[in-house]
Amino acid sequence: SFMAILGVALLAFALAISGVYSAGEYTAEYRNRSISLPLSVNGLWPSLQTMYWSLYGHIDYRDLTSEDEVLLPETVVGRALFAFWLLVSLIVLLNMLIALVSEAFDRVRKENADLVWNLAVSDIVRDVNTSPSLPLPFNLFYILPFLALQICEKCSSHDPQQIPDQSNTCGTNPENPMAIKRMIKLYRKAKTKDSVASIAEEKEQKEIIQSHLETVSEKLEHMKSQMLRLHGQMKRTNSKRNRLRTQKDTKAKTDEDVTDGTAIAEINSETETDTEEEDNEPVRYERVKYDESGPNETISYKGKTAAVGCCQFLNSPMSRKFNYFEVVIKDYGKHGRIGVGLTPRKYPLHRMPGWNKGSVAFHCDNGKLYHEKGKGIEMASPAQQDVVIGCGINTGFSSKGTENTAVVFFTRNGQLLGSRRVNFPKAGFYPTVGLHSEGEKVEVHLKRKWELLEDLEPGE
């Protein structure tokens with residue numbers, strides 16, 4: 001990295017100096033004068049050589065001087081650049097090199113600090129064990145017997161029958177230098193074993209993790225196969241249900257002409273009982289708080305502003321006996337986006353009543369009637385707080401082609417607002433209330449009776 005920085009700096013200064021003198025040459029040509037540039041800066045390659053050899057002191061600054069007065073400004077600028085180059089190269093770059101070398105030395109010293117410390121300790125132990133502990137001249141009483149003992153050992157070593165046991169002298173005796181070297185060797189070997197053991201332990205952990213991943217993969221594959229099998233069973237069951245439902249509907253149409261909504265609901269409930277498990281939830285609701293602790297059920301909005309809350313009463317289907325229900329607006333809320341109407345069974349609770357197929361509703365915020373789409377038609381003025389909105393169905397509905405139809409009407413404070421002829425779902429109509437802004441709260445009165453409206457004219 002240092003050589004790369006040095007090369008970039010060298011090239012930059014060479015380009016700068018050669019550019020300065022080239023500009024002077026162009027100026028002289030413009031004035032129709034012939035001049036000769038200094039050889040040391042006459043082009044990029046000579047400038048590179050000049051910059052490089054100046055690091056070793058082989059270039060004099062006078063080599064950059066031109067005797068022609070036309071190049072006087074270029075000479076001044078060139079000398080200044082040359083001086084700045086020497087400052088940068090000899091002070092900044094060399095200090096950078098020293099810093100890099102010092103960093104590398106510190107890094108190596110830190111990596112081998114443990115080994116250096118062990119060697120220093122071993123040297124101290126060896127010096128303590130081999131050097132006499134008595135000061136001069138009392139150490140003579142220790143040195144003379146020690147020298148005599150060493151001479152005797154050397155003399156006896158020539159006799160092959162009296163060779164001492166090297167295992168005892170070099171094994172574990174701490175006063176012997178060979179023992180110290182052996183201890184250092186054993187320490188290094190133990191440290192190497194520890195590193196090898198840690199590597200083996202890490203490898204074992206990786207193998208355990210790999211085995212766990214393989215087990216999880218096998219379980220996921222098994223779950224996938226189970227889900228595919230259940231999906232196939234559900235498809236076969238649904239096709240069987242559809243066949244049974246078609247047969248039941250055909251049989252019911254051949255037996256009698258159904259003209260009452262209750263009869264249609266009963267036939268379809270019987271079909272669903274034979275083909276699928278009945279949904280026993282009396283009330284379906286989502287993003288609203290449903291409270292039935294009081295004399296009448298209350299519903300309040302608890303979702304986010306962009307989310308629709310809805311409540312469907314499956315325990316109170318519209319019939320000849322109970323063909324009407326009312327909703328009292330207890331709190332208009334922030335925007336009053338309250339929808340009151342009828343929806344088929346299993347209606348999506350994230351949609352306001354009247355927006356999806358098979359539903360019809362009156363929306364209080366704009367006074368419009370919505371029927372199976374998100375665009376409503378004008379019916380009345382917007383409703384306010386403490387207003388009672390009613391919704392009912394005329395049980396004297398007729399047959400329109402092959403689809404049974406009925407007249408759904410809406411009231412406000414007991415006064416008729418309007419009506420709409422709609423297709424009667426096979427599973428019947430259910431009272432539904434939708435809320436779509438903060439603070440909204442309504443009270444629901446179910447299973448009310450409204451007089452038959454035989455002369456009711458449905459709106460289009």
Side-chain angles (χ1 to χ4, degrees), residues 261-262 265 269 272-273 277-356 359-365 370 382-393 408-415 417 425 427-450:
T262 307
S269 63
E272 292 178 0
T273 303
E277 185 177 344
E278 186 71 25
D279 188 3
N280 295 323
E281 289 183 333
V283 180
R284 295 175 61 236
Y285 56 92
E286 186 175 313
R287 298 184 185 90
V288 297
K289 181 180 179 181
Y290 173 70
D291 186 9
E292 56 179 349
S293 59
N296 296 295
E297 291 93 337
T298 59
I299 306 170
S300 56
Y301 182 76
K302 70 171 185 178
K304 297 181 179 179
T305 306
V308 175
C310 201
C311 182
Q312 186 184 39
F313 296 90
L314 299 178
N315 55 357
S316 303
M318 304 302 287
S319 62
R320 182 181 294 274
K321 184 177 180 181
F322 301 111
N323 64 344
Y324 180 72
F325 75 98
E326 289 181 339
V327 173
V328 182
I329 303 176
K330 291 296 184 180
D331 194 338
Y332 192 72
K334 187 175 181 179
H335 301 292
R337 297 171 182 169
I338 302 173
V340 180
L342 302 175
T343 57
R345 196 179 188 86
K346 296 183 180 180
Y347 186 78
L349 299 180
H350 64 279
R351 302 281 291 173
M352 288 288 284
W355 285 359
N356 282 32
S359 64
V360 59
F362 173 78
H363 288 198
C364 300
D365 57 331
Y370 289 79
Q384 300 298 327
Q385 190 163 321
D386 297 327
V387 171
V388 181
I389 302 298
C391 177
I393 185 170
V408 178
F409 62 91
F410 297 91
T411 64
R412 179 161 59 187
N413 296 332
Q415 301 296 323
L417 293 178
F429 266 137
Y430 297 89
T432 305
V433 179
L435 306 177
H436 195 192
S437 68
E438 297 178 1
E440 295 173 349
K441 183 178 181 180
V442 297
E443 183 179 275
V444 184
H445 301 267
L446 299 170
K447 295 184 178 180
R448 296 297 180 91
K449 179 67 176 178
W450 187 270

Test side-chain contact (heavy atoms from CB on, under 4.5 Å) applied to R337 and E440, step by step:
CA-CA 8 Å; R337 297 171 182 169; E440 295 173 349; 3.8 Å; yes
How many angstroms lie between [atom1] in [X] and [atom2] in [Y], if you round to the nearest 0.5 Å?
| X | Y | atom1 | atom2 | value |
| --- | --- | --- | --- | --- |
| K321 | K447 | NZ | NZ | 8.0 Å |
| R351 | E286 | CZ | CD | 13.0 Å |
| T411 | I389 | OG1 | CD1 | 7.0 Å |
| N356 | T343 | CG | OG1 | 10.0 Å |
| I329 | I338 | CD1 | CD1 | 4.5 Å |
| I393 | R320 | CD1 | CZ | 11.0 Å |

Could you list the residues that satisfy ring pair (Phe, Tyr, Trp, His ring centres under 6.0 Å) with [X], not counting sequence neighbours?
| X | answer |
| --- | --- |
| Y347 | none |
| F429 | F424 |
| Y285 | Y290 |

Can you name the closest pair of heavy atoms from G354 and S359 and give their distance?
N-OG, 3.0 Å
Residue pair F325 / G341: nearest heavy atoms and the distance that separates them
CZ-O, 3.5 Å
When you look at CD of E292, are more than 12 heavy atoms from neighbouring residues, nucleotides or ligands closer to it than 6.0 Å?
no
Pair E297-L446, side-chain contact (heavy atoms from CB on, under 4.5 Å): steps then yes or no:
CA-CA 9 Å; E297 291 93 337; L446 299 170; 4.1 Å; yes
State, yes or no, whether a side-chain contact exists between P431 and M318 at a heavy-atom distance under 4.5 Å.
yes
N296 meets the side-chain hydrogen bond (donor to acceptor under 3.5 Å, both in side chains) criterion, sequence neighbours left out, with H445
Can you list everything that forms a side-chain hydrogen bond (donor to acceptor under 3.5 Å, both in side chains) with D331? Sequence neighbours excluded, please.
none
Yes or no on side-chain contact (heavy atoms from CB on, under 4.5 Å) for L417 and R412, after CA distance, side-chain angles and deciding distance?
CA-CA 7 Å; L417 293 178; R412 179 161 59 187; 3.8 Å; yes
I would like to know whether R287 and V308 meet side-chain contact (heavy atoms from CB on, under 4.5 Å); could you show each step before the answer?
CA-CA 7 Å; R287 298 184 185 90; V308 175; 5.8 Å; no
Between Q312 and R284 (side chain of the first, backbone of the second, donor and acceptor by atom type, cut-off under 3.5 Å), is there such a pair?
no
Is a side-chain N or O of H363 found less than 3.5 angstrom from the main chain of P353, in a donor-acceptor match?
yes
Side chain to side chain contact (heavy atoms under 4.5 Å, CB included) test vs E443 passes for just one of V327, T298, I299, V388, namely T298
By salt bridge (Lys or Arg N to Asp or Glu O under 4.0 Å) - contacts of E326 (at least two apart):
R448
